[in-house]
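The shown structure was predicted, so the numbers you read here are calculated from the model rather than taken from an experiment.
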Amino acid sequence: MTRWQANLCLLLAAAIWGSTFAVQHVAMDSIGPMAFTAIRFYLGAVVVAPFAWREWNSIKNEAARGERELLSGKDWFGFSLTGACLFAGAYIQQYGIIYTTVTNAGFLTAFYVLLVPVLGVLLFRRKVHWSVWPAGFACIGGTAILSGAYGAYISGTAFELNIGDFWVLVSAFFWAMHVLLVGVYGQRVGKPALFAFVQFLTVGFIGLIFTVATEEVTMAQLTDSAWMLAYAGFISVGIGFTCQVLGQKYTGPADAAIIISMETVFAAMTGMAFLGERLSPIDFVGCALILSAVFLVELTPMLTRGWRKRWMKPVD
């Protein structure tokens, strides 16, 4: 698979996730965010279970022939840690969506694209390209416009950050950690379905514990949200996150982040199409600033370091 083919997988994931923002928003009228998160990831695990079983048998057969070792405790821990970050990102984002718009949630989530290289430096000693810093200021400016801070400043009124916007921004940290960990363990093990399956089970298990402790789930809630759970589980989780793991097997976290960030565009499109959300002219400026920051921080290094040769070359 070439990096272009891998990036098509990531683009498909971005399109699916962007459309899911609207589904998540509507679902909160019928079911709690914790239960929704737990159930959707258990459904996603069902989708990839047959493929994960096949890959597990492949690992055992390869180990029996002496071609590789069985997964170590460190590998299983990495899988579970990635799943824990996925749970935190998914639940906190889901909670924030209750109190903000689909469009805002989609664009504010894009902050994780800037956090990926920053956390890469702090945790994995990766070098940061100079484009990160102007992109960071652009992203902050776009967020100020989308959240209403700029409008409040112009009108001379007091401003308080919308609680939904705040929680979506917090979730961006965990999405960034998830992208980094998928890049580390997905490439290391090379079994995307098995990796995805363990992630989904981890999210479902943690979510189930917190659902029992904090929420009450009734049959009426499950019935009312059935199609939303099915879409978010089978499509968004089962297909979307598996495409991410597969794509990141053949491309690095930085390259992946720019493609995945396109979910913000799809989120805005579905919010306008299905929920009647509208952006004011100044909101479009905020969105443009954030998207410009995303493209600047990811595309500039590619354009200055022989990206054509690197992307078109098949990856073993």
Do Phe173 and Leu119 have side chains that approach each other closer than 4.5 Å (heavy atoms only, starting at C-beta)?
yes
Using only atom types and a distance under 3.5 Å, with no angle test, would you say the side chain of Gln248 pairs donor to acceptor with the backbone of Val179?
yes
Looking at Gln221, is its backbone amide N or carbonyl O close enough to the side chain of Thr218 to form a donor-acceptor pair, meaning the two atoms are under 3.5 Å apart?
yes
Show your working on side chain to side chain contact (heavy atoms under 4.5 Å, CB included) between Leu86 and Thr202 and close with a plain yes or no.
CA-CA 9 Å; Leu86 179 56; Thr202 301; over 6 Å; no
Within this structure, what is the CG-CD distance for the pair Leu246 and Gln5, rounded to the nearest 0.5 Å?
10.0 Å
How many angstroms lie between CH2 in Trp175 and CG in Leu180, if you round to the nearest 0.5 Å?
14.0 Å
Hey, does Met177 have a side-chain heavy atom less than 4.5 Å from the side chain of Leu123?
yes
Applying side chain to side chain contact (heavy atoms under 4.5 Å, CB included) to Trp56 and Lys191, what does each step give before you reach the verdict?
CA-CA 8 Å; Trp56 173 242; Lys191 301 295 181 182; over 6 Å; no
Is there a path of hydrophobic side-chain contacts, each under 4.5 Å between heavy atoms of I/L/V/M/F/W/Y residues, joining Val46 to Leu208?
no
Arg40 and side-chain contact (heavy atoms from CB on, under 4.5 Å): which single residue from Ile235, Val23, Val237 fits?
Val237
Strictly distance-based, threshold 3.5 Å: is any side-chain N or O of Trp17 a donor or acceptor partner for the main-chain N or O of Ser236?
yes
Might you point out which heavy atoms bring Cys85 and Leu181 nearest each other, and give the distance in Å?
SG-CD1, 3.9 Å
Look up atom CZ in Phe41 and atom CZ in Phe87, then write down how far apart they are to the nearest 0.5 Å.
9.5 Å
Gly207 to Ala38 - nearest heavy-atom pair and separation:
C-CB, 3.6 Å
Using the benzene-type ring in the case of Trp, are the ring centres of Phe79 and Phe195 under 6.0 Å apart?
yes
Show the numbers, then the answer: is there a side chain to side chain contact (heavy atoms under 4.5 Å, CB included) between Gln24 and Met228?
CA-CA 7 Å; Gln24 292 175 253; Met228 292 168 279; over 6 Å; no
So, the side chain of Gln94 versus the backbone of Met34: is there a donor-acceptor pair under 3.5 Å, distance only?
no
Check for me whether Lys60 meets the cation-pi criterion with Trp53, that is, NZ or CZ under 6.0 Å from the six-membered ring centre and within 45 degrees of the ring axis.
yes
Donor-acceptor side-chain pairing of Tyr231 and Ser19 below 3.5 angstrom:
yes
Check whether Val245 and Phe51 end up in the same hydrophobic cluster, where Ile, Leu, Val, Met, Phe, Trp and Tyr are linked by side-chain heavy atoms less than 4.5 Å apart.
no
If you compare all heavy atoms of Ala232 against all heavy atoms of Phe36, which two are closest, and at what distance to 0.1 Å?
CB-CZ, 3.6 Å
Is any side-chain heavy atom of Phe200 less than 4.5 Å from a side-chain heavy atom of Phe241?
yes
Distance, nearest 0.5 Å, that separates CD1 of Ile239 from SG of Cys9:
11.5 Å
Which residue is it: Ile39, Thr211, Asp224? I am looking for the one with a side-chain contact (heavy atoms from CB on, under 4.5 Å) to Ile31.
Ile39
As an exercise, state the distance from CG of Leu229 to OG1 of Thr223, rounded to the nearest 0.5 Å.
10.5 Å
Okay, side chain of Ser72, backbone of Asp75: is any donor-acceptor separation there less than 3.5 Å?
yes
Using side-chain heavy atoms (C-beta onward) and a distance below 4.5 Å, is Val168 in contact with Tyr95?
no
Distance, nearest 0.5 Å, that separates CH2 of Trp167 from CD1 of Ile92:
6.5 Å
Under 3.5 Å, is there a donor on one side chain and an acceptor on the other for Ser58 and Glu62?
yes
Could you report the tightest heavy-atom contact between Ala6 and Gly247, atom names first, then the distance?
CB-O, 3.5 Å
Report yes or no: does His178 contribute a side-chain atom to a donor-acceptor pair with the main-chain N or O of Gly83 at less than 3.5 Å?
no
Any sub-3.5 Å donor-acceptor pair from Glu215's side-chain atoms to Ala35's backbone N or O?
yes
Test item: Glu55 side-chain N/O and Leu194 main-chain N/O as donor-acceptor pair under 3.5 Å
yes
Check His25 against Thr100 and note the closest heavy-atom contact, atom names and distance.
CE1-O, 3.4 Å
Test item: Leu10 and Cys243 side chains (from C-beta on) under 4.5 Å apart, heavy atoms:
no
Give the cluster check for Phe205 versus Val212: same hydrophobic cluster or not, with ILVMFWY residues linked at side-chain heavy-atom distances below 4.5 Å.
yes
For Thr37 against Ala90, the heavy-atom pair lying closest together
CG2-CB, 4.2 Å
